Amino acid sequence: MTDITEEEILRRLEEEGKEKGLHPRLLEFYHRLFNIEARARQRIGRARLKIKKEAIRERAKRNLPLVGSNELALDWPILRQISADIIAAFSDYSDVFGELPLSLREARPGSLLTSKVVRAWFKGAKPPSNIAAGDADDYLFLEAIIQATLRPFLICQAQELISLVDQENWRRKSCPVCGGQADFAFIDTERGSRWLVCSRCDTEWLFQRLQCPYCDNQNQDELSYFTDEEGAYRLYVCQHCHNYIKALSSRSSDSKVVWPLERVLTLGIDRQAQDMGYTHGHQET
Ligand SMILES: [Zn+2]
Ligand SMILES: [Zn+2]
C-alpha cells in the first residue's frame with residue numbers, strides 16, 4: 001500500500017478538480033472539509049470500541065454487521081468540536097450550498113447532535129422533528145452535517161474492525177461493519193471482482209458483479225453500465241429501482257484510493273446520471 005499524504009490529497013483535489021471543471025468555491029469547500037476530517041482523525045486516534053472484540057468476532061462468525069447504533073465509538077467533546085467546524089464551513093459557503101437554516105446555524109454546541117439524533121441517523125431514520133422542523137432542505141443540511149461529523153469516528157472504528165469481516169461470506173448490499181449503504185464501487189483488476197464502498201465509513205466489501213447494490217435485482221436485462229471517455233470510471237444503473245452507483249473501472253491491489261477525493265472528482269458523473277433520470281441510491285434510506 002502506498003500512503004498518500006494529506007498534502008498530496010489536497011494537491012490532487014485542486015489540480016484534478018480544476019481539470020474536471022469543478023467550481024473553485026466548491027473545491028475550496030472540500031479542501032476545508034478534508035482538513036477538518038484529517039484534524040479530527042488525528043484527535044480521535046485509535047477508536048475505543050464499546051463492545052468487546054470477542055462479541056464482535058461472534059457477530060462476524062454469524063455474518064451480522066459488527067457495530068450497532070448503541071455501540072458507536074464516539075468522543076462527545078471531539079464530536080461537538082467537529083460539528084461546530086462543519087456548520088461553520090457550510091455557513092461560509094452559502095453561495096455554493098444555499099443559506100444554512102437558522103435552526104442549524106444558531107444551534108448551541110451539543111443541542112444539535114445528541115445521542116438520540118446520532119442513533120436515528122445511524123439507523124437510517126429521520127431525526128426527531130424538533131431538530132430539522134420537518135423542512136426537506138433543513139433535513140438535507142442536517143444529514144450532511146451529521147454524516148461529515150460522524151465520518152472520522154466511523155472510519156477510525158472501521159479500521160479496527162475490517163480484518164474481522166469474512167469477505168467471501170458477506171456479499172450483501174449493506175456495509176459489513178456499520179450496516180450503511182454503498183455509494184461507490186470498484187473492479188478489482190487482478191480478480192475481476194466487484195467491490196462496494198460504504199458511504200459512511202469507507203469500508204470496502206466484495207459484492208456480485210451483476211446485481212444492483214440497492215434493490216438486489218439480478219435481472220441482466222435491467223442492469224447496465226456506461227464508461228467515461230478515459231475508461232477510468234463506470235456508471236452502473238438499474239432499470240428496476242432507477243438508482244445508480246459510480247465505480248472505478250480498475251483498481252490494482254497496490255493502489256491506494258482516497259474515496260472522499262474520488263467522490264468529489266466524480267461529481268460530474270452524478271450530474272450526468274441524474275440528468276438521465278437516475279437517483280443516488282444511498283440517499284434513499
Ligand atoms: Zn460502513
Ligand atoms: Zn436496483
Side-chain angles (χ1 to χ4, degrees), residues 37 40-41 44 47 49-51 56 59-60 63-74 79 118-125 143-144 146-167 169-186 194-226 234-247 257-260 262-263 270 273-274 276-285:
E37 188 182 318
R41 284 170 67 176
I44 296 165
L49 300 175
K50 274 178 86 177
I51 5 167
I56 297 174
R59 280 183 204 172
N63 225 16
L64 295 168
L66 303 184
V67 178
S69 61
N70 289 321
E71 300 157 344
L72 300 174
L74 304 175
L79 186 146
V118 167
R119 275 206 309 275
W121 173 81
F122 190 79
K123 288 194 279 196
E143 202 180 42
I146 301 176
Q147 168 121 359
T149 303
L150 273 267
R151 248 187 77 78
F153 292 101
L154 295 180
I155 285 174
C156 291
Q157 180 177 265
Q159 282 170 347
E160 293 288 311
L161 300 174
I162 183 63
S163 61
L164 299 173
V165 173
D166 181 346
Q167 293 286 357
N169 278 327
W170 182 258
R171 290 179 173 262
R172 297 188 201 164
K173 58 185 181 178
S174 56
C175 169
V177 174
C178 80
Q181 287 185 300
D183 71 343
F184 227 103
F186 67 90
R194 186 170 69 152
W195 293 65
L196 300 181
V197 184
C198 180
S199 59
R200 309 202 291 202
C201 73
D202 288 355
T203 290
E204 299 165 358
W205 73 95
L206 191 58
F207 193 66
Q208 289 64 249
R209 248 187 111 133
L210 299 164
Q211 183 173 334
C212 172
Y214 300 112
C215 73
D216 276 336
N217 181 18
Q218 288 183 302
N219 180 351
Q220 304 312 305
D221 297 336
E222 294 179 326
L223 299 168
S224 54
Y225 67 83
F226 304 92
R234 287 181 186 183
L235 173 69
Y236 285 93
V237 297
C238 171
Q239 301 302 341
H240 183 72
C241 66
H242 295 279
N243 283 314
Y244 72 88
I245 190 162
K246 301 181 285 186
V257 178
V258 183
W259 293 115
E262 292 298 336
R263 289 183 182 104
D270 288 283
Q274 284 154 18
M276 289 191 284
Y278 296 102
T279 309
H280 211 314
H282 83 280
Q283 287 170 347
E284 296 204 330
T285 44

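Both ligands and their constituent atoms are indexed starting at 1 by order of listing. All of these numbers come straight from a predicted model, not from anything done at the bench.
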In short, K50 meets L72 closest at the heavy-atom pair CD-O, 3.2 Å

Calculate the angle formed at the Zn ion (ligand 1) by SG in C198 and SG in C201; 10° precision is enough. 110°

R151 vs D202, salt bridge (charged side-chain N to carboxylate O under 4.0 Å, His left out): CA-CA, chis, key distance, verdict: CA-CA 9 Å; R151 248 187 77 78; D202 288 355; 3.0 Å; yes

Counting backbone and side-chain atoms alike, is an N, O or S atom of C238 positioned under 2.8 Å from the Zn ion (ligand 2)? yes

For SG in C178 and SG in C175, the angle at the Zn ion (ligand 1) (nearest 10°) is 110°

So which atom in R209 and which in R234 form the shortest heavy-atom distance, rounded to 0.1 Å? NH2-NH1, 3.5 Å

Minimum heavy-atom separation for C175 to T203, with atom names? SG-CB, 3.8 Å

Taking 2.8 Å as the cut-off, does H242 contribute an N, O or S atom near the Zn ion (ligand 2), distance below it? no

